[in-house]
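Report on the structure given below.
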Amino acid sequence: MRGDVRSYSAARRERAADLDRWLADLFRSAYPRARGAEGRAGASKNGVAEERAGAAAAAGAPGIALVAVGSLGRAELAPGSDLDLVLLHDGRDDIARIADRIWYPIWDSGIGLDHSVRTVDEVAAVAREDLKAVLGLIQARHVTGDPELTRAARERVLADWRADSRRRLAELREAADKRAESAGELAFLLEPDLRDSRGGLRDVQAMQAVAAAWVASAPGPRVREAHEFLLDARHALHLVTARGADRLVLQEQDAVAASLGLLDAEALMRRLAEAGRTVAHAFDATWRTVDRLLSGPAPRGRRPLADGVVEHGGEVVLARGVDPGKDPVLVLRAAAAAAEAGLPMAPATVSLLAAKSPALPVPWPDEARDALVALLGAGRAAVPVWEELDQAGVIVRLVPDWERVRHRPQRNPVHRFTVDRHLIETAAGAASFTREVSRPDLLLLSALLHDVGKGWPGDHSATGEVVARDIGTRMGLQPADVDTLATVVRHHLLLPETATRRDLDDPVTISRVAEAVGSREVLELLAALAVADGHATGPAAWNSWKAGLVTDLVRRVRSVLSGSPPAPAPALSARQASLARHGGGAVRVQGGAVTVVAPDRPGLLWRAAGVLAAHRMVVRSASAASAATAAVIEFAVVPEYGTPPDPATLEADLRLVLAGRLDIEQRLARRTRSMRPARVPVAPPRVNLVDDASQTATVVEVRAHDRPGLLWRIGRAFGECNLDVRAARVETLGAEAVDVFYVVDRSGGPITDPEQRARIREFVLAALR
């Protein structure tokens, strides 16, 4: 894992040694002064002869010891870390005076200090009740003074920890779960907390505490290597920020990568993803061991699950006498059996299969492909089994192209997983739709491979088609099935992107999709994959609005593929028509849905968007269309904070804007001035005029960093170009807006003049600056 990355471990060890010497000097200077002031008080309590007092510091200072806990105790102190010290004593009267003479120089130096002064009995009592304290004391390290006092304290703490392991380990697990829920999973975060995220430094410390209870083994070499890299990353972060930070924010990632000798932030985050997943995987295995050992004896016997595969003790193992070196399909058969039974594979079994399994022949035998499909078809249960195989290096041997997407970060707030984890999560989600498609095997395989092109330069859909074709052939699919698999991978974004960025009432939209899809079989595979992909991507990538648009698109395309003419544009609903009769404009708010219906007129969309922005409503999506003389705009919105505004107020402001009696621009300008600038640099906006997307309008696609009033600015630019917005699709993905507008000139036709098209792009870009 480490390659040629520069390690800071030597610097941490040197700093720990330097601090130990400094603390020992402080201790020696404090100890005799205190004794001189207090006489024999401390020594007499232990019956120590007075003649030994003068040499107490050199001889180890009987009855008093300075102990390092926390990161200093583990010799893992990063540049910005605080010191965590315990001054142990045997009950002496002068301990407060000694403590002051140690603590004050540390405070004066500017180093943060967490300190305590306790007897051995007090240390044991605190450790029995305070989880944070006991985790530090388990790995306490003697710095100076009486080593026997330190040894006695550690032995008491460890003995109590082991004796009460059932209760304390349950407490430790609960704390870890809460920490993970709060801080997220390190491997999949854009800005991970290196200490508290799941898979971070705290989880390694938790595994070390479990090992100290003699319940499970200490972390192995792969975890220790991952742990060292996490420490290096934290060390570099402290150097870059000049403070004790644990969260690796976006703007620091390139500098931290450079400090570690890595190419860029992408390389850093990929290494962190690998380290975090290694730790998280070992953490889960540790707790399975804890659960098994603390829950009592496992049921005897072996239950057959598949050929050569049995359940034993709540885990999947190989049957007696099975030689994995003679059966290349066994590893997939065992994995499928584990997923279908909802059981973990025994770590020893996974290691044996990884070491002994021969390579699958090319093309794969039918049994191997069927086992892979069965594994994926187990749904959510497939994810931990896949992770087991991936950690053992099995997946990249089965599918060599997997190496290019393994641990690859997406660096986009819309995505919650690395590329490889997203793929298996999508396949797990697609398992819910296997009853709804004619080829469930191709659905699962296309879900597993749909983003495999992200491991290569260029458009990942185009490169993914090539890779998927190669993988499908290697897996032994029939040529026609390989074509279907490649087509689905090539067009896996077609339905959601078309539904949210094109006018579904435009005949060109439907005919283009039908031409690309080619068959109802491919259409149903794409429809199921769109849902699974959206859910696996994250909440910003899939919602009821997008689902409804995709369903509508699929219905229309299916009709065309069946030979029926395109469905006519829907008329206004009775509710919308009733609202339109208000005359001056009407607004209805139902939860996060805002409907604006008003007589059609130029600029209605952007004026309505301006009203919402002025009322601190964030537009997540919008759809605008016209029918007869009425225009209907459907917004999906959320308040920036607090509760949504009163619908009556929104309606009143809308009427004022349409009447030209409300200066929305002035309100939005005030809001813009009060906003903080973006925390990190953002990419410049892009404005593209899409050719051949419509025969009746010009399609303008705008991509920009989202901010209040964005639709207002874009719409105003269209107005300055004397354009009307006939239809719109507006979507916010994380902090990025992807807005598509169907615009026509005042004669109602598309814009064909090159100079006017250039002017449109120029004006919209100017509005976004």
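Predicted, not measured: the structure shown is a model, and the values here were computed from it.
You'll find the side chain of Y8 stays beyond 4.5 Å of the side chain of L231, heavy atoms only. By the 4.5 Å heavy-atom criterion applied to side chains, V331 and L360 are not counted as neighbours. Two residues are said to be in side-chain contact when any heavy atoms from C-beta on lie closer than 4.5 Å; D246 and H238 meet this criterion. With contacts defined as side-chain heavy-atom distances shorter than 4.5 Å, the pair R12/L77 does not qualify. Here the side chains of I138 and V134 are in contact, with some heavy-atom distance below 4.5 Å. With contacts defined as side-chain heavy-atom distances shorter than 4.5 Å, the pair V467/L449 does not qualify. With contacts defined as side-chain heavy-atom distances shorter than 4.5 Å, the pair E367/R333 qualifies. Residues H235 and S9 have side chains not in contact (no heavy-atom distance under 4.5 Å, counting atoms from C-beta outward).
Looking only at distances, no side-chain donor or acceptor of R270 sits under 3.5 Å from a matching main-chain atom of P409. Looking at R397, its side chain does come within 3.5 Å of a backbone N or O of S357 through a donor-acceptor pair. Checking side-chain atoms of R224 against main-chain N and O of P219 turns up a donor-acceptor pair under 3.5 Å. Between the side chain of R303 and the main chain of V310, no donor-acceptor pair closer than 3.5 Å is present. Side-chain N or O atoms of D193 include none that pairs as donor or acceptor with a backbone N or O of R247 at under 3.5 Å. With hydrogens and angles disregarded, a donor-acceptor distance shorter than 3.5 Å links the side chain of R408 to the backbone of R404. Listed for the S446 side chain is no donor-acceptor partner under 3.5 Å among the backbone atoms of V489. Under the 3.5 Å distance criterion, the side-chain polar atoms of R302 are matched with a main-chain donor or acceptor of L318. Within the 3.5 Å criterion, the main-chain N or O of R198 finds no donor-acceptor partner in the side chain of E185. With R222 contributing its side chain and A282 its backbone, the two residues share no donor-acceptor pair below 3.5 Å.
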Let me see the working for L293 and W214 under side-chain contact (heavy atoms from CB on, under 4.5 Å), right down to the final yes or no.
CA-CA 11 Å; L293 293 180; W214 293 344; over 6 Å; no
Trace of the side-chain contact (heavy atoms from CB on, under 4.5 Å) decision for H281 with V223
CA-CA 9 Å; H281 174 261; V223 175; over 6 Å; no
When you look at L137 and W161, which way does the side-chain contact (heavy atoms from CB on, under 4.5 Å) test go after all the steps?
CA-CA 10 Å; L137 290 165; W161 177 252; over 6 Å; no
Could you walk me through whether V419 and Q410 pass the side-chain contact (heavy atoms from CB on, under 4.5 Å) check?
CA-CA 7 Å; V419 176; Q410 311 233 39; 3.7 Å; yes
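One finds no salt bridge joining K178 and E181 here, because no Lys/Arg side-chain nitrogen approaches an Asp/Glu carboxylate oxygen to under 4.0 Å. Electrostatic pairing of R288 and D284 does not count as a salt bridge here, judged by no charged N lying under 4.0 Å from a carboxylate O. Salt bridge D390/R406: present, at least one basic N to carboxylate O contact under 4.0 Å. Contact check on D130 versus K132 returns no salt bridge, with no Lys/Arg side-chain nitrogen under 4.0 Å from an Asp/Glu carboxylate oxygen. A salt bridge links R474 with D401; the closest basic N to acidic carboxylate O contact falls under 4.0 Å. A salt bridge between R369 and D366 is present, with a side-chain N of the basic residue lying under 4.0 Å from a carboxylate O of the acidic one. Salt-bridge check for R234 with E76: failed, with every basic side-chain N at 4.0 Å or more from each acidic carboxylate O. A salt bridge does not link D160 to R168: none of the charged nitrogens lies less than 4.0 Å from a carboxylate oxygen. Under the 4.0 Å criterion applied to side-chain N and carboxylate O atoms, E425 and R416 are not assigned as salt-bridge partners.
One distance of note links CZ of R173 with CG of L169; it measures 10.5 Å at 0.5 Å rounding. Atom CG of L389 is separated from atom CD1 of I395 by 4.5 Å, given to the nearest 0.5 angstrom. Considering CZ of R271 and CG of L262, their distance stands at 5.5 Å, rounded to 0.5 Å. Of the inter-residue distances, the one linking E465 atom CD with L485 atom CG reads 10.0 Å to the nearest 0.5 angstrom. From H312, atom NE2 reaches atom CG of L305 across 12.5 Å, with rounding to the nearest 0.5 Å. To the nearest 0.5 Å, atoms CZ (F417) and OG1 (T426) are separated by 9.0 Å.
For W364, there are no ring-ring contact (aromatic ring centres under 6.0 Å, His included) partners, not counting sequence neighbours.
Side-chain N/O atoms of D451 and H492 include a donor and acceptor closer than 3.5 Å. T418 and R277 share a side-chain donor-acceptor pair at under 3.5 Å. R74 and Q208 share no side-chain donor-acceptor pair at under 3.5 Å.
Taking every heavy atom of both residues into account, F283 and A176 meet most closely at CZ-CB, 3.5 Å. Smallest separation of non-hydrogen atoms from L189 and S197: CD1-OG, 3.5 Å. In this structure, G199 and L186 approach most closely via the heavy-atom pair O-CD1, 4.2 Å. Looking at every heavy atom in both residues, A334 comes nearest to V316 through O-CG1, 4.1 Å. Nearest approach of R154 to A140, heavy atoms of both residues: NE-O, 3.2 Å. In terms of heavy atoms, L330 sits closest to G308 at CD1-O, 4.3 Å.
For the pair R421 and F188, the cation-pi criterion (under 6.0 Å, within 45° of the ring axis) is not fulfilled.
Of the residues listed (L135, V279, D196, L194), the one engaging R202 in a side-chain contact (heavy atoms from CB on, under 4.5 Å) is D196, and it is the only one. With respect to W386, the side-chain contact (heavy atoms from CB on, under 4.5 Å) criterion is satisfied by exactly one of V394, I424, L423: I424.
No more than 12 heavy-atom neighbours from other residues, nucleotides or ligands sit within 6.0 angstrom of CZ on R320.
Below 30°, between 30° and 60°, or above 60°: for H422 and H415 the angle between ring planes is above 60°, a perpendicular geometry.
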